[in-house]
Participant: 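Following this message is one structure expressed as structure tokens.
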There are 2 protein chains.
Amino acid sequence: MKIDDAAARLEALGNRTRLQIYRALVRAGHAGMPVGRLQDKLKIPASTLSHHIKALVLVGLVSQSRESTTLICRANFDAVRGLVDFLVAECCAEETGCRDAQTAA
Amino acid sequence: MKIDDAAARLEALGNRTRLQIYRALVRAGHAGMPVGRLQDKLKIPASTLSHHIKALVLVGLVSQSRESTTLICRANFDAVRGLVDFLVAECCAEETGCRDAQTAA
DNA sequence: TCCATCCTTCTAGAATTATGGAACAAGAAG
DNA sequence: CTTCTTGTTCCATAATTCTAGAAGGATGGA
């Protein structure tokens with residue numbers, strides 16, 4: 001993963017509201033959750049919610065699929081896994097004998 | 001971890017420059033790296049660098065220790081581990097039979 | 001004491017992000 | 001065709017963040 005992509009994803013998650021959205025989707029699992037239900041849960045205006053969801057979709061952390069009128073959002077588990085790997089990649093690369101050492105995740 | 005703490009840490013990492021700083025410190029391992037060496041590596045003005053480091057220290061992702069005139073920065077590995085755990089905590093909690101299911105990390 | 005090194009804080013302007021009302025778009029139901 | 005539901009986009013404002021020069025503070029050596 002390129003550093004800019006990683007930063008963009010971390011930034012997307014680095015906002016209380018977006019993190020709440022993402023966590024709700026993680027809890028919902030592969031079934032996902034419609035935008036409307038997220039709105040009920042988080043009690044925020046539709047436009048604000050839509051902006052935040054868009055931000056998460058843009059960086060690939062969330063994907064969407066339409067089911068007639070409702071739009072289902074799902075957490076993209078692979079994306080966050082890649083992010084986690086990136087954070088610990090090359091741990092202690094410049095240090096010899098680190099027990100956590102690894103060159104790539 | 002409280003959601004606000006998690007969001008603060010993610011936001012801190014969600015900036016290209018700060019992520020570069022953090023990654024450099026991860027690579028440096030437990031030995032850490034002085035502020036000055038980070039400046040050489042990243043080629044950014046001292047004041048800008050200092051602000052970013054401060055942001056990382058404030059949220060607990062980086063710790064510092066003085067060695068006469070030089071200030072050594074170290075990545076706080078536990079902090080990022082807690083963050084990672086938080087991201088995947090309660091995965092699929094509302095879904096039955098998810099292979100990744102877990103209630104806490 | 002004087003000076004150099006190393007890093008922080010002050011300050012301020014530029015740029016970006018967050019928020020939410022209002023209007024809009026598209027599908028479904030009557 | 002009208003209306004309801006569902007969600008997005010437009011727009012403007014408020015708030016925050018980023019950047020970096022300049023000044024300041026602390027430490028160590030000559």
Side-chain angles (χ1 to χ4, degrees), chain A residues 3-25 28 31-76, chain B residues 3-25 28 31-76:
Chain A
I3 191 166
D4 288 301
D5 294 335
R9 286 180 180 177
L10 288 164
E11 186 183 21
L13 290 174
N15 168 279
R16 191 202 154 86
T17 303
R18 281 195 298 269
L19 188 53
Q20 284 181 308
I21 293 169
Y22 184 79
R23 291 251 299 167
L25 294 179
M33 192 182 287
V35 174
R37 201 149 123 58
L38 280 169
Q39 196 186 348
D40 287 346
K41 278 204 160 209
L42 305 187
K43 318 277 188 202
I44 56 176
S47 66
T48 302
L49 177 62
S50 191
H51 285 308
H52 283 308
I53 291 176
K54 190 176 170 185
L56 289 168
V57 169
L58 244 129
V59 298
L61 283 167
V62 166
S63 56
Q64 295 179 310
S65 66
R66 183 166 289 282
E67 207 139 303
S68 85
T69 48
T70 67
L71 194 57
I72 313 282
C73 302
R74 286 184 191 78
N76 187 343
Chain B
I3 191 166
D4 288 301
D5 294 335
R9 287 179 179 178
L10 289 163
E11 186 183 22
L13 291 174
N15 169 277
R16 191 200 153 89
T17 303
R18 280 194 300 268
L19 188 52
Q20 283 181 309
I21 294 169
Y22 184 80
R23 291 252 297 169
L25 294 179
M33 190 181 288
V35 173
R37 202 149 122 58
L38 279 169
Q39 197 185 348
D40 286 346
K41 279 206 158 207
L42 305 187
K43 318 276 189 203
I44 56 176
S47 65
T48 302
L49 177 62
S50 190
H51 283 308
H52 284 308
I53 291 176
K54 191 175 169 186
L56 289 168
V57 170
L58 246 133
V59 299
L61 283 167
V62 166
S63 55
Q64 294 179 311
S65 65
R66 184 167 289 281
E67 208 140 303
S68 87
T69 49
T70 66
L71 193 57
I72 313 282
C73 302
R74 285 183 191 81
N76 186 345

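Fair warning: this is a prediction, and the values are worked out from it, not measured in the lab. In what follows, chains are A, B, ... by sequence order, proteins preceding strands, each numbered from 1.
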Participant: Contact between A:Leu38 and A:Leu25 at the side-chain level, heavy atoms closer than 4.5 Å - yes or no?
Facilitator: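 Result yes, sub-4.5 Å side-chain heavy-atom pair found.
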Participant: If only atom types and distance count, is the side chain of B:Arg9 paired as donor or acceptor with the main-chain N or O of B:Val59 below 3.5 Å?
Facilitator: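 Indeed, once roles are kept as given, a pair shorter than 3.5 Å links the two residues.
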Participant: Could you grab the distance from atom CG of B:Leu56 to atom CG of B:Leu13, nearest 0.5 Å is fine?
Facilitator: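 Result: 6.5 Å between the selected atoms.
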Participant: Quick one: A:Gln20 CD to C:dA18 P, roughly how many Å, whole number?
Facilitator: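 Result: 14 Å.
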Participant: Just how far, in rounded Å, is P of C:dC6 from CZ of B:Arg37?
Facilitator: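 Distance, rounded to whole Å: 13 Å.
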Participant: When you look at NZ of A:Lys41, are more than 12 heavy atoms from neighbouring residues, nucleotides or ligands closer to it than 6.0 Å?
Facilitator: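 Result for NZ/A:Lys41: enclosed.
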Participant: Tell me, which of residues 45-67 of chain A have any heavy atom that sits under 4.0 Å from an atom in DNA chain C?
Facilitator: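 Heavy-atom contacts with DNA chain C come from A:Pro45, A:Ser47, A:Thr48, A:His51, A:His52.
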Participant: Which nucleotide in the list D:dG28, D:dG7, C:dT19 gets nearest to the side chain of B:Thr69?
Facilitator: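 In terms of side-chain proximity for B:Thr69, the closest of D:dG28, D:dG7, C:dT19 is D:dG28.
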Participant: For D:dC18, does either OP1 or OP2 sit under 4.0 Å from a side-chain N or O belonging to B:Arg18?
Facilitator: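 Yes, such a contact exists.
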Participant: Using modelled atom types and a 3.5 Å cut-off, is there a donor and acceptor pairing between side-chain atoms of B:Asn76 and backbone atoms of B:Ser63?
Facilitator: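 Side chain of B:Asn76 to backbone of B:Ser63: no pair is present.
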Participant: Please give, in whole Å, the distance from D:dT5 C1' to A:Asp40 CG?
Facilitator: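 Interatomic distance, CG of A:Asp40 to C1' of D:dT5: 13 Å.
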Participant: Atom CD1 of A:Ile44 and atom C1' of D:dG7: how far apart are they, to the nearest Å?
Facilitator: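 Whole-Å distance recorded here is 13 Å.
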Participant: With a 4.5 Å heavy-atom cut-off, do A:Gln64 and A:Cys73 have their side chains touching?
Facilitator: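 SC-SC contact between A:Gln64 and A:Cys73 confirmed.
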Participant: What is the distance, to the nearest angstrom, from the CG atom on B:Leu38 to the P atom on C:dT8?
Facilitator: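 For the pair B:Leu38 CG and C:dT8 P, the rounded distance is 10 Å.
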Participant: What's the CG-C1' distance between B:Leu71 and C:dT5, to the nearest Å?
Facilitator: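 Computing the B:Leu71:CG to C:dT5:C1' distance gives 14 Å.
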Participant: Roughly how many Å is it from CD in A:Gln39 to P in C:dG20, rounded to a whole number?
Facilitator: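 That distance rounds to 11 Å.
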Participant: It should be established whether B:Asn15 places a side-chain nitrogen or oxygen under 4.0 Å from OP1 or OP2 of nucleotide D:dC18.
Facilitator: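 Yes, B:Asn15 has a side-chain N/O under 4.0 Å of OP1/OP2 on D:dC18.
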Participant: Nearest whole angstrom, please: distance from the P of D:dA20 to the NZ of B:Lys43.
Facilitator: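 Distance check: B:Lys43 NZ to D:dA20 P gives 15 Å.
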Participant: Between A:Val35 and A:Gln39, is there a side-chain heavy-atom distance shorter than 4.5 Å?
Facilitator: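 They are not in contact (no side-chain heavy atoms under 4.5 Å apart), so the answer is no.
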